[in-house]
There are 2 protein chains.
Amino acid sequence: MTQTKTKTTRIQEINRGIILDAALEVFSAYGFRGTTIDQIAEKAGMSKPNLLYYFPRKEDIYVTVLEKTLDDWLTPFRHIDPTGDPLDELAKYIIAKLKLSESRPESSRVFANEILHGAPAIGDFLQTHLRQIVDRKIAVIRTWIDEGRLAPVDPHHLIFMIWATTQHYADFKVQIGAVVPDRVEDENFYEETAAAIITILFNGIRPRQDY
Amino acid sequence: MTQTKTKTTRIQEINRGIILDAALEVFSAYGFRGTTIDQIAEKAGMSKPNLLYYFPRKEDIYVTVLEKTLDDWLTPFRHIDPTGDPLDELAKYIIAKLKLSESRPESSRVFANEILHGAPAIGDFLQTHLRQIVDRKIAVIRTWIDEGRLAPVDPHHLIFMIWATTQHYADFKVQIGAVVPDRVEDENFYEETAAAIITILFNGIRPRQDY
DNA sequence: CTACATTTTGACCAATCAGTCAAGTTTTTT
DNA sequence: AAAAAACTTGACTGATTGGTCAAAATGTAG
């Protein structure tokens, strides 16, 4: 067994964590090119050479940050349960994603920025891993529809709509804040948002005779 | 009448146009910081000092590009007609925005990038002009709901859902392409998308007894 | 054709920034 | 306690880049 030296010390673990937290904030605010290593180092409270001791290249920090956020954001998606009630499962997913948008908008923004610029760092991941997960969930949705437990809609576009909408509240926060400044302040904003989205998505906006 | 020298020559008009076209492409691919003036100059087929003769600062180019795209993207929104049929008007709006996503994804991306990074250049515009337009349309939607011609949903969140979804197809094109590579190739992809979104939004995904 | 304004560019400058290096300090191991 | 390993940093470097400048080329009006 030729184990490569992978002895991770306590200090390493702590400092890598500090660096990644700092980097997430800075990358989300300024993007990859717009971020300087000095900025991250300052926010992390250490010298630049020291930071580069842990992550030899700027890109290494960026990729690591991205990988962590990707995992965060995919977790609720993975948790959609084929054996559960379709509407319940989707509602739970929407609520989970909106909660993430509220608690960790930075990671959503880093991800959005990466995709926006053509996914140079995670294109492969999207085409392999992400696609695989999506395919599985698409199959689940198809089954639900076949069983008559969900209206016959296009599964891909349904997923895209949910992704788009939930991302929007993190990524376009500034715009939302500009358009409805009073409501965003409300501490229940995200609960209200979830309720409103679920209502629209479940029932549609076509008026019905039966209220 | 003390008219300030605003004699815009033919050459100026042409070159400004060339520069803005080139800048749109480069900014959309690399963001503000990620774009170099040299890149724009090369794409525009002129020297850097010459480009700076028309736009003295990099930011001037950026702001001008943003203003143009903002106008593009707001036009269909403005065209929502209070006297029209609610569902028709919203369907028309969705189709128009998706067409723009298809024909001019770059401008959508420049805009998204700007918002993502906190709207440093157009924050004011959002808080004044955009907000005003949105307020007006919100009122229209409220009227429609009061008249029973639209289901009683939250107007703000309805607008955000439509914005989010339609933007998504331009901004997250790479992700969509990775997840459903075969379908994106289809030349009818945007028509199908529009149809699917409209179906979901109008009818919801709750299964009904009455097919 | 002449004089003037506009347009174009090569050469340059100062600032910024990713990454290096060598020398020091601290922690861990024996 | 001594030696080795891991950690930290000030000072530096080379490349990039936003922007300047002065001089040349081109266009235009009388």
Side-chain angles (χ1 to χ4, degrees), chain A residues 3-66 110 113-114 117 120-121, chain B residues 3-66 110 113-114 117 120-121:
Chain A
Q3 207 203 347
T4 339
K5 251 198 274 181
T6 325
K7 204 181 346 175
T8 310
T9 70
R10 188 181 49 91
I11 295 179
Q12 269 168 36
E13 202 167 323
I14 292 171
N15 280 349
R16 280 172 174 267
I18 293 173
I19 292 169
L20 291 176
D21 286 347
L24 175 62
E25 271 191 64
V26 186
F27 279 133
S28 91
Y30 305 107
F32 178 73
R33 288 284 304 262
T35 293
T36 70
I37 299 181
D38 291 277
Q39 275 176 297
I40 303 175
E42 191 185 358
K43 185 148 272 175
M46 67 183 66
S47 67
K48 177 164 70 169
N50 198 22
L51 187 149
L52 287 165
Y53 171 74
Y54 292 100
F55 295 90
R57 330 222 126 242
K58 185 182 174 186
E59 215 187 308
D60 298 336
I61 318 174
Y62 181 67
V63 170
T64 309
V65 166
L66 259 185
V110 170
N113 194 56
E114 164 72 8
H117 295 345
Chain B
Q3 206 204 347
T4 337
K5 249 198 277 180
T6 324
K7 203 182 348 175
T8 311
T9 69
R10 190 180 47 91
I11 294 179
Q12 271 170 33
E13 201 167 322
I14 292 172
N15 280 349
R16 280 171 175 267
I18 292 173
I19 291 170
L20 291 176
D21 286 346
L24 174 62
E25 272 190 64
V26 185
F27 280 132
S28 92
Y30 305 107
F32 179 73
R33 289 286 303 260
T35 294
T36 69
I37 299 181
D38 292 276
Q39 275 176 298
I40 303 175
E42 190 184 359
K43 184 148 273 177
M46 68 183 67
S47 68
K48 178 165 67 168
N50 197 23
L51 185 149
L52 287 165
Y53 171 73
Y54 291 102
F55 295 89
R57 328 224 128 237
K58 186 182 174 184
E59 216 187 307
D60 297 337
I61 318 173
Y62 180 67
V63 171
T64 309
V65 166
L66 260 185
V110 170
N113 193 59
E114 164 71 8
H117 296 347

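Chain identifiers are assigned alphabetically (A, B, ...) following the order of the sequence lines, protein sequences preceding nucleic acid strands; residue numbering begins at 1 within each chain. All values reported here derive from a predicted model rather than from experimental measurement.
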> Could you give the CD-to-P distance, from B:Glu42 to C:dT9, as a whole number of Å?
13 Å
> Go through C:dT9, D:dG18, C:dC17 for me and flag the one nearest to the B:Asp38 side chain.
D:dG18
> Just the rounded figure in Å: distance from P of D:dG19 to CD1 of B:Ile61.
9 Å
> Provide, to the nearest angstrom, the distance between the CD1 atom belonging to B:Ile18 and the P atom belonging to C:dT7.
13 Å
> Please give me every residue in residues 47-54 of chain A whose heavy atoms get under 4.0 Å of an atom in DNA chain C, ordered by residue number.
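Only A:Lys48, A:Pro49, A:Leu52 qualify.
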> Is A:Glu13 reaching over with its side chain to a backbone N or O of A:Thr8, donor-acceptor style, under 3.5 angstrom?
no
> Could you state the OH-P distance from B:Tyr30 to D:dG18, rounded to the nearest angstrom?
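In whole Å, D:dG18 P lies 14 Å from B:Tyr30 OH.
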> So for atom OH, which belongs to A:Tyr30, do other residues, nucleotides or ligands contribute more than 12 heavy atoms lying within a distance under 6.0 Å?
no
> Measure the distance from NZ on A:Lys58 to P on C:dG19 and round it to the nearest whole Å.
8 Å
> Pick the nucleotide of DNA chain D nearest each of B:Thr35 and A:Gly45; which residue has the one closer to the 5' end?
A:Gly45
> Would you say B:Lys43's side chain and B:Asp21's backbone share a donor-acceptor pair under 3.5 angstrom?
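No, the answer is negative, given that no donor and acceptor are paired below the 3.5 Å cut-off.
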> Between D:dT16 atom C1' and B:Arg33 atom CZ, what is the distance in whole Å?
12 Å
> What is the ring orientation for A:Tyr62 with A:Phe27, classed by angle as parallel under 30°, tilted 30 to 60°, or perpendicular over 60°?
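Rings of A:Tyr62 and A:Phe27: perpendicular, over 60°.
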> If you measure from OG1 on A:Thr9 to CD1 on A:Ile14, what distance do you get to the nearest 0.5 Å?
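A:Thr9 atom OG1 to A:Ile14 atom CD1 measures 8.5 Å (nearest 0.5 Å).
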> When you measure from the side chain of A:Gln12, which nucleotide among D:dA6, C:dA18, D:dG18 comes out closest?
D:dA6
> Donor-acceptor pair, A:Asp60 side chain versus A:Arg57 backbone, under 3.5 Å?
yes
> Would you say B:Thr9 reaches C:dT7's phosphate, i.e. side-chain N/O to OP1/OP2 under 4.0 Å?
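Yes.
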> When you measure from the side-chain N and O atoms of A:Arg10 to the phosphate of C:dT28, is any distance below 4.0 Å, counting only OP1 and OP2?
yes
> For A:Pro56 and B:Asn15, take the nucleotide of DNA chain C holding the closest heavy atom to each; which residue's nucleotide lies nearer the 5' end?
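Result of the comparison: B:Asn15.
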> Can you tell me if B:Gln39 has over 12 outside heavy atoms packed within less than 6.0 Å of its CD?
yes
> Can you check the A:Phe27 CZ to C:dA18 C1' distance for me, whole Å?
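So the two atoms are 12 Å apart, to the nearest Å.
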> Taking only side-chain nitrogens and oxygens of A:Arg57, does any of them come within less than 4.0 Å of OP1 or OP2 of C:dA18?
no
> In whole Å, I'd like the distance from the CD1 atom of B:Ile40 to the C1' atom of D:dG19.
14 Å
